[in-house]
Protein chains: 2
Amino acid sequence: MQKEHSLSKNQKIIFDLIDKSGGPMKAYSILFNVQKKGIKAPLQVYRALDKLVEIGKIHKIESRNAFIACQNSSCQVSKATAFSICESCENVSEISNSKLLKYLSSFSDNSGMKYSKYNLEFFGLCKKCKSK
Amino acid sequence: MQKEHSLSKNQKIIFDLIDKSGGPMKAYSILFNVQKKGIKAPLQVYRALDKLVEIGKIHKIESRNAFIACQNSSCQVSKATAFSICESCENVSEISNSKLLKYLSSFSDNSGMKYSKYNLEFFGLCKKCKSK
DNA sequence: TAACGTTATGTAATAATATAACATTTATAA
DNA sequence: TTATAAATGTTATATTATTACATAACGTTA
Ligand SMILES: [Zn+2]
Ligand SMILES: [Zn+2]
Ligand SMILES: [Zn+2]
Ligand SMILES: [Zn+2]
């Protein structure tokens with residue numbers, strides 16, 4: 001069982017926004033959206049994002065500089081993430097294929113590296129965009 | 001056999017720099033280093049980088065906003081990339097494990113997505129940093 | 001409670017990364 | 001050669017992220 005992190009005020013505001021949006025959000029778009037709630041500066045947003053990433057409530061989509069709520073409640077606190085990204089409509093979803101996640105989590109090679117984390121991003125066309 | 005792309009002047013200058021550096025380089029560090037060769041503006045660098053990425057001569061390390069020369073001559077023109085990144089010394093190397101690359105290239109799930117590309121980044125500690 | 005360390009917040013300034021817009025030149029090829 | 005695509009040059013600007021410093025809230029335990 002995982003420790004339940006109680007979010008601070010700013011963290012909660014920002015998590016709720018991202019979570020409700022249902023997709024990836026960019027930092028300055030988040031900022032714009034929470035200004036009415038008193039969050040006025042980029043740093044306030046980035047600090048909350050950093051913390052939310054750290055505790056695994058959100059993930060950063062590195063190729064898009066965007067943040068998405070964890071769609072996988074059992075996600076190993078940001079240590080093992082995989083996403084599929086539609087290059088046409090920019091829809092993003094978290095992959096929860098346990099075989100894949102297991103395969104990657106146990107990956108090792110002869111480089112001497114000790115892996116503790118990974119991030120995988122698949123790109124392609126979603127169902128909708130394929131059929132256009 | 002792959003088409004041999006002949007690089008333009010700027011592309012060659014920038015590729016040679018990255019290649020010789022042996023590791024990842026950031027765009028503005030590249031810019032600084034090529035100013036003596038007449039490349040004066042960020043856009044000149046980014047354009048060359050875009051092209052070099054497109055033809056698979058370099059790859060972008062998304063989590064670091066940095067660019068590294070392809071260390072894997074048979075790399076499928078940027079369609080399938082995997083890296084290991086030391087979180088302590090920031091050493092980056094391209095993974096060429098054919099089993100892994102094959103596994104990922106053939107990955108598909110029931111999401112309806114048609115995957116055409118992926119990027120994987122492993123994080124951990126390299127041999128050196130582990131033993132410190 | 002009081003004191004302490006830790007975490008979170010507020011604010012301003014600035015750094016770092018990347019693109020838009022437009023004019024011109026060079027390479028490729030029908 | 002003439003058209004087309006690719007690359008270059010230049011200025012300005014947009015976007016993403018961090019530094020630095022001051023203050024407040026919170027949790028622990030003396
Ligand atoms: Zn997750
Ligand atoms: Zn789509
Ligand atoms: Zn490569
Ligand atoms: Zn290292």
Side-chain angles (χ1 to χ4, degrees), chain A residues 3-18 21 23-68 77 85 87 90 92 119 121, chain B residues 3-18 21 23-68 77 85 87 90 92 119 121:
Chain A
K3 185 179 185 296
E4 188 57 37
H5 289 272
S6 57
L7 302 182
S8 74
K9 179 169 138 280
N10 288 0
Q11 289 159 17
K12 186 158 175 17
I13 291 170
I14 286 172
F15 174 73
D16 286 346
L17 176 67
I18 298 172
S21 88
M25 291 194 74
K26 313 199 110 202
Y28 277 73
S29 149
I30 293 168
L31 175 56
F32 178 81
N33 276 278
V34 297
Q35 278 179 329
K36 43 182 169 281
K37 304 232 176 186
I39 295 175
K40 291 175 195 153
L43 188 49
Q44 295 175 290
V45 172
Y46 281 105
R47 284 197 285 223
L49 291 173
D50 284 351
K51 185 66 183 187
L52 291 167
V53 165
E54 186 191 322
I55 65 180
K57 301 279 288 181
I58 65 172
H59 304 300
K60 183 171 187 182
I61 310 299
E62 294 286 358
S63 67
R64 299 298 187 261
N65 298 319
F67 300 85
I68 194 169
V77 188
I85 303 171
E87 289 185 297
E90 292 295 326
V92 174
N119 179 58
E121 297 180 5
Chain B
K3 184 177 186 297
E4 187 58 36
H5 288 271
S6 56
L7 302 181
S8 73
K9 178 170 138 281
N10 288 359
Q11 289 159 17
K12 187 159 174 15
I13 290 170
I14 286 172
F15 175 73
D16 286 347
L17 175 67
I18 299 173
S21 87
M25 291 194 74
K26 313 200 110 201
Y28 277 72
S29 150
I30 292 168
L31 175 57
F32 178 81
N33 276 278
V34 296
Q35 278 179 329
K36 43 184 169 279
K37 304 232 177 188
I39 295 175
K40 290 175 196 155
L43 191 48
Q44 294 175 290
V45 172
Y46 281 104
R47 283 197 285 223
L49 290 173
D50 284 351
K51 186 67 184 185
L52 291 167
V53 165
E54 186 192 323
I55 65 181
K57 300 279 288 181
I58 65 172
H59 304 300
K60 182 170 188 182
I61 310 299
E62 293 287 357
S63 66
R64 299 298 188 260
N65 297 320
F67 300 84
I68 193 169
V77 188
I85 303 171
E87 289 186 297
E90 292 294 325
V92 173
N119 179 59
E121 297 180 5

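To find a chain, count down the sequence lines: A is the first, B the second, and so on, and within it residues start at 1. A quick note: this is a predicted structure, and the numbers were derived from the prediction, not measured.
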Can you tell which of A/N10, A/I13, A/I14 makes a side-chain contact (heavy atoms from CB on, under 4.5 Å) with A/V45?
-> A/I14
Per side-chain contact (heavy atoms from CB on, under 4.5 Å), A/M25 is matched among A/N33, A/L49, A/I68 by A/N33
Distance-minimising heavy-atom pair for B/F67 and B/I18 = O-CG2, 3.7 Å
If you take all heavy atoms of B/F15 and B/K57, which pair is closest and at what distance?
-> CE1-O, 3.4 Å
Length of the [atom1]-[atom2] vector between [X] and [N], whole Å:
{"X": "A/I30", "N": "D/dT16", "atom1": "CD1", "atom2": "P", "result": "11 Å"}
{"X": "B/I14", "N": "D/dG9", "atom1": "CD1", "atom2": "P", "result": "10 Å"}
{"X": "A/M25", "N": "D/dT16", "atom1": "CE", "atom2": "C1'", "result": "15 Å"}
{"X": "A/D50", "N": "D/dT19", "atom1": "CG", "atom2": "P", "result": "11 Å"}

A/E121 (side chain) donor-acceptor with A/E62 (main chain) under 3.5 angstrom = yes
Donor-acceptor contact below 3.5 Å, side chain A/Q11 vs main chain A/L52 | no
Where protein sits on nucleotides 5-18 of chain C, one letter per nucleotide: B base, S sugar-phosphate only, - none, heavy atoms under 4.0 Å = ---SBBBB----BB
